[in-house]
Amino acid sequence: MTVMVFTFVLLLGNALKEILPLLVSGQVSLGTVAKAIGLLIPFVWVFALPMGMLTATLLIFGRFSADQELTAARASGVSLLSITTPVLCLSLVLCGFSALVNMEIGPRSRVAYKALLDQLKAEFSSSQLPERRFIKDFPGYIFYVGKNRDGALREVTVYRLLNETNVDYTIQAPRGQLAIDIPNQRLTLKLYDATMVRATEEQTVSATSGEMSLDFELKARETKPQRIDDMTFGQLWEELRDLERRTSLPLTLKGLTPAQVLAKRVEMYWQRRDLTMPVIFQIHRQVAFAFACFGFTLVGIPLGIRVHRRETNIGIAIALLLVSVYYSFILLGSALDTRAEYAPHLIVWLPNFIFQGAGAVMLWRANRGI
């Protein structure tokens, strides 16, 4: 349940920022929104799974202790380790699932989501004609549309420009139809009962058939290189090997003394290390994230028992505090991912070591009743 709650909250943040404005404006259908949300779910699970596991552990064992059920279990000869072993095993299973999501499913879903979002933005910025706005997306033309109902246009005005400044002629039509050919990157605007006014002749000339057709080429979408934080684990390794090949050290450095050759090789090594460190950092971050569920569970069990509270808000507050501490290390490593001398790829492992070590000690003490 807690995983679902955090998934919903994280989805809501992304949807409100990127998808819902398009839905409110009528530019996308509910089906498209559902598809976008479906693509976002694996991505937000990267964060929702550890957060949900920690919160659930704090709430369950906090109430377990507050209701004196732990005391009753101990009186019956059942140790705390026996009670918590299934929970710890579940956290290890979730670690495996998190690894699959972090290293494969999440990045692919994020890339597909971005591609869908870019396609929607490109289609509606380049091909849709928003109502009651002057559209200048097509060179040599300015459009104005009074109403646009899924391509059925009303009160259409088209200004044909000379030298991108002076108006050559104006076309006005009470109604029109917009046809979009996305695969061929073409847009066709048909105007019915259209009239054309030339500014130079100062006279109105009706279209021959009362119908005019304007054909335009849509703006080509720029192909952006894939970001390394959107790559899968396998893609990151390929990127790392490619960078190492392109920045490989020379076998000999002629004209230099042995000491100078050694110094130059060390310098070039660190330069290459700075170039490859962002990729190395992403590889370690994906793997380290997978162990967050286990560390949070180890900390959450004894901490929930020690807090000894059944209130939900206390457990959520503690969970948010611990999550903030954990992800602060990740943010620190991300800020230093181009500084190889600070070993940012090892920084992302620190919260796992700290949480798992502290959790193991606290669980041992709680099992002994200390």
Side-chain angles (χ1 to χ4, degrees), residues 1-7 10 41-65 70 78-107 232-233 236 281-307 315-334 344-368 370:
M1 181 61 71
T2 53
V3 174
M4 293 177 61
V5 171
F6 282 113
T7 300
L10 294 173
I41 287 177
F43 174 73
V44 300
W45 270 352
V46 173
F47 307 96
L49 283 174
M51 295 168 64
M53 191 65 185
L54 173 61
T55 305
T57 304
L58 286 168
L59 295 178
I60 291 173
F61 283 92
R63 176 161 294 189
F64 186 73
S65 177
L70 178 59
V78 181
S79 67
L80 179 60
L81 289 181
S82 299
I83 298 172
T84 58
T85 297
V87 180
L88 293 175
C89 292
L90 175 62
S91 69
L92 291 176
V93 172
L94 288 179
C95 285
F97 181 69
S98 295
L100 179 62
V101 172
N102 295 351
M103 295 188 287
E104 187 68 26
I105 301 176
T232 64
F233 190 76
L236 286 171
F281 171 79
Q282 291 297 329
I283 293 175
H284 282 263
R285 190 181 74 167
Q286 287 186 356
V287 179
F289 261 20
F291 291 93
C293 289
F294 185 63
F296 281 158
T297 304
L298 275 176
V299 170
I301 292 174
L303 195 58
I305 294 173
R306 186 174 295 273
V307 171
I316 293 177
I318 296 175
L320 291 177
L321 177 62
L322 292 176
V323 168
S324 299
V325 173
Y326 185 94
Y327 287 116
S328 64
F329 286 91
I330 308 300
L331 294 176
L332 177 62
S334 299
H345 61 297
L346 300 181
I347 294 178
V348 296
W349 288 98
L350 287 179
N352 285 331
F353 296 148
I354 294 173
F355 276 60
Q356 292 176 14
V361 172
M362 292 170 62
L363 185 59
W364 175 79
R365 289 172 60 88
N367 184 59
R368 293 176 58 89
I370 301 176

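Everything quoted here is computed from the prediction, not taken from an experiment. Numbering starts at 1 and runs along the sequence shown.
- Judged by distance alone, the side chain of T84 and the main-chain N or O of V87 form no donor-acceptor pair under 3.5 Å.
- Not a single donor-acceptor pair under 3.5 Å links the side chain of S65 to the backbone N or O of F61.
- The two residues F355 and V299 have their closest heavy-atom pair at O-CG2, 3.1 Å.
- Annotation: side-chain hydrogen bond (donor to acceptor under 3.5 Å, both in side chains) contacts of S328 (sequence neighbours excluded): none.
- Note that CG of L58 is 5.5 Å distant from CG of L303, once rounded to the nearest 0.5 Å.
- Of all non-hydrogen atoms in Q356 and G295, the two that sit nearest each other are CG-CA, 3.6 Å.
- Taking both residues in full, the closest heavy atoms of L81 and N367 are given as N-OD1, 3.3 Å, listed atom of the first, atom of the second, then distance.
- Here the straight-line distance linking atom SG of C95 with atom CG of N352 works out to 8.5 Å at 0.5 Å rounding.
- Atoms CG and CG, from L49 and L54 in turn, are 12.5 Å apart once rounded to the nearest 0.5 Å.
- Counting only heavy atoms from C-beta outward, the side chains of I305 and L80 approach each other to under 4.5 Å.
- We find the SG-CG distance between C293 and L298 to be 11.5 Å, quoted to the nearest 0.5 Å.
- Between P50 and F296 the shortest heavy-atom distance is O-CD1, 3.3 Å.
- When side chains are defined from C-beta on, V323 does not count as touching T55, because their heavy atoms never get closer than 4.5 Å.
- Atoms CE and CG, on M53 and L90 in that order, are 4.5 Å from each other to the nearest 0.5 Å.
- In this structure, CE in M51 is found 6.5 Å from OH in Y327, a value given to the nearest 0.5 Å.
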Q: Would you sort out whether L350 and L332 count as a side-chain contact (heavy atoms from CB on, under 4.5 Å), showing the intermediate values?
A: CA-CA 11 Å; L350 287 179; L332 177 62; over 6 Å; no

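- In this structure the side chain of W45 never reaches within 4.5 angstrom of the side chain of I105, judged on heavy atoms.
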Distance-only donor-acceptor pairs under 3.5 Å for side chains of residues 281-292, two or more places apart:
residue : atom : partner : partner atom : Å
Q282    : OE1  : R285    : NH2          : 3.1
H284    : ND1  : W349    : NE1          : 3.0
Q286    : NE2  : M231    : O            : 3.0

